[in-house]
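Below is one structure, written out as structure tokens; the observations come after it.
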Amino acid sequence: MLGTFGVWGAHQAWAGRIGEIEELGFGTFWLGSSPGVAEIEHALATTSSITIATGIVNVWQSDPQEVSAAFARLGGDRLLLGVGVGHRQLDQAYEKPYDKLVSYLDALDVPADRLLLAALGPKVLRLAADRTAGAHPYLVPVEHTAAAREVLGDKLLAPEVTAVVEADPVAARAIAREQLSYYFTLTNYTNNWKRYGFSDEDVRGSDRLIDALVAHGTPDQVAEKLQAHLDAGADHVAVQSLNGHYAELASALGLKR
């Protein structure tokens with residue numbers, strides 16, 4: 001359903017353009033940045049064969065009954081629903097994020113085999129294994145992919161992996177650091193990186209952190225780093241290139257048009 005490689009993109013930037021990714025041979029487009037029902041419907045209507053997955057439907061922003069009704073109407077065989085709690089600093093109301101996620105799943109009427117959770121820590125990864133088809137982690141090192149595989153067992157593991165197609169490592173890191181700076185302020189991400197040995201200084205955007213999180217280099221070098229997540233246990237990799245070059249990546253990954 002997903003293929004080995006997909007593309008992750010903010011729905012605001014990709015409206016009307018997802019067909020470009022379909023033509024390149026990627027198996028899935030991950031509709032990012034908390035899409036609503038209208039964005040999901042548009043993505044399905046403007047493509048013909050590519051799977052549309054949400055990365056993610058935000059539990060604080062989308063009513064579960066409305067999402068359930070939309071899935072029943074639109075689901076078909078091309079829609080996979082990724083669900084998550086967003087960012088504590090921005091979205092948390094009066095309920096703890098984990099409890100909110102559980103109550104949302106309780107209220108959501110979508111088949112478990114068409115659901116994924118945006119899971120970083122082991123507790124949510126276990127919830128994903130117990131109640132959904134698997135997990136869609138975001139901005140994680142390859143060590144996280146290996147650890148997530150252990151928790152998930154045989155459930156689906158589809159991490160987003162950020163990329164920069166740029167042969168000069170200094171320039172590539174600069175692109176990544178500028179565009180990812182927002183995440184260096186979000187505790188759900190920084191705490192997760194610290195689980196894998198990154199220091200308080202690292203999580204502000206050190207070269208070491210950038211190199212662990214971002215596949216950068218020539219298209220062939222990026223392809224090798226994406227493959228590392230598959231070797232660590234991922235079933236599918238959702239590529240988010242911060243500077244485009246998806247045609248070159250599709251060629252390096254051996255995708256068929």
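We count residues from 1, following the sequence as given.
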Are V83 and T132 close enough, and set up right, to give a side-chain contact (heavy atoms from CB on, under 4.5 Å), and what steps lead you there? CA-CA 10 Å; V83 173; T132 76; over 6 Å; no
Does the distance from a Lys or Arg side-chain N to an Asp or Glu carboxylate O, for E41 and R73, drop under 4.0 Å? yes
What is the minimum heavy-atom distance between L101 and G84, and which atoms define it? CD1-CA, 4.4 Å
Would you call V214 and R173 a side-chain contact if the rule is heavy atoms closer than 4.5 Å? no
Once the angle between the rings of H136 and W30 is folded into 0 to 90°, is it parallel (under 30°), tilted (30 to 60°) or perpendicular (over 60°)? parallel
Is it true that atom CD of E201 has more than 12 heavy atoms of other residues, nucleotides or ligands lying nearer than 6.0 Å? no
dist L139:CG -> W193:CH2 (nearest 0.5 Å) comes out at 5.0 Å
So R17 and T46, do their side chains get closer than 4.5 Å, heavy atoms only? no
M1 and R78 have their tightest heavy-atom pair at CE-C, 4.2 Å
Y98: ring pair (Phe, Tyr, Trp, His ring centres under 6.0 Å) partners, not counting sequence neighbours: none
Please tell me whether V124 and V151 are part of a single hydrophobic cluster in this structure, the criterion being side-chain heavy atoms less than 4.5 Å apart. no
Going by an N to O cut-off under 4.0 Å, is there a salt bridge joining D207 and R177? yes
Is the ring pair Y183/Y138 parallel, tilted or perpendicular, if the boundaries are 30 and 60 degrees? tilted
For L116 and A133, the nearest pair of non-hydrogen atoms, with its separation, is CD2-C, 3.9 Å
Minimum heavy-atom distance G86-N58, with the two atoms named: CA-ND2, 3.8 Å
Checking W60 side chain against V85 main chain: does a donor-acceptor pair fall under 3.5 Å? yes
Look at D235 together with R149 and state whether they make a salt bridge at an N to O cut-off of under 4.0 Å. yes
Go through the steps to decide whether S199 and D202 satisfy the test side-chain hydrogen bond (donor to acceptor under 3.5 Å, both in side chains), and finish with yes or no. CA-CA 5 Å; S199 67; D202 284 326; 3.2 Å; yes
Taking C-beta and beyond as the side chain, do F29 and T47 meet within less than 4.5 Å on heavy atoms? no
Do L105 and L127 have side-chain heavy atoms sitting under 4.5 Å apart? yes
Within 6.0 angstrom of D106 CG, more than 12 heavy atoms from elsewhere: yes
Other residues, nucleotides and ligands only: do more than 12 of their heavy atoms fall within 6.0 Å of CG on D109? no
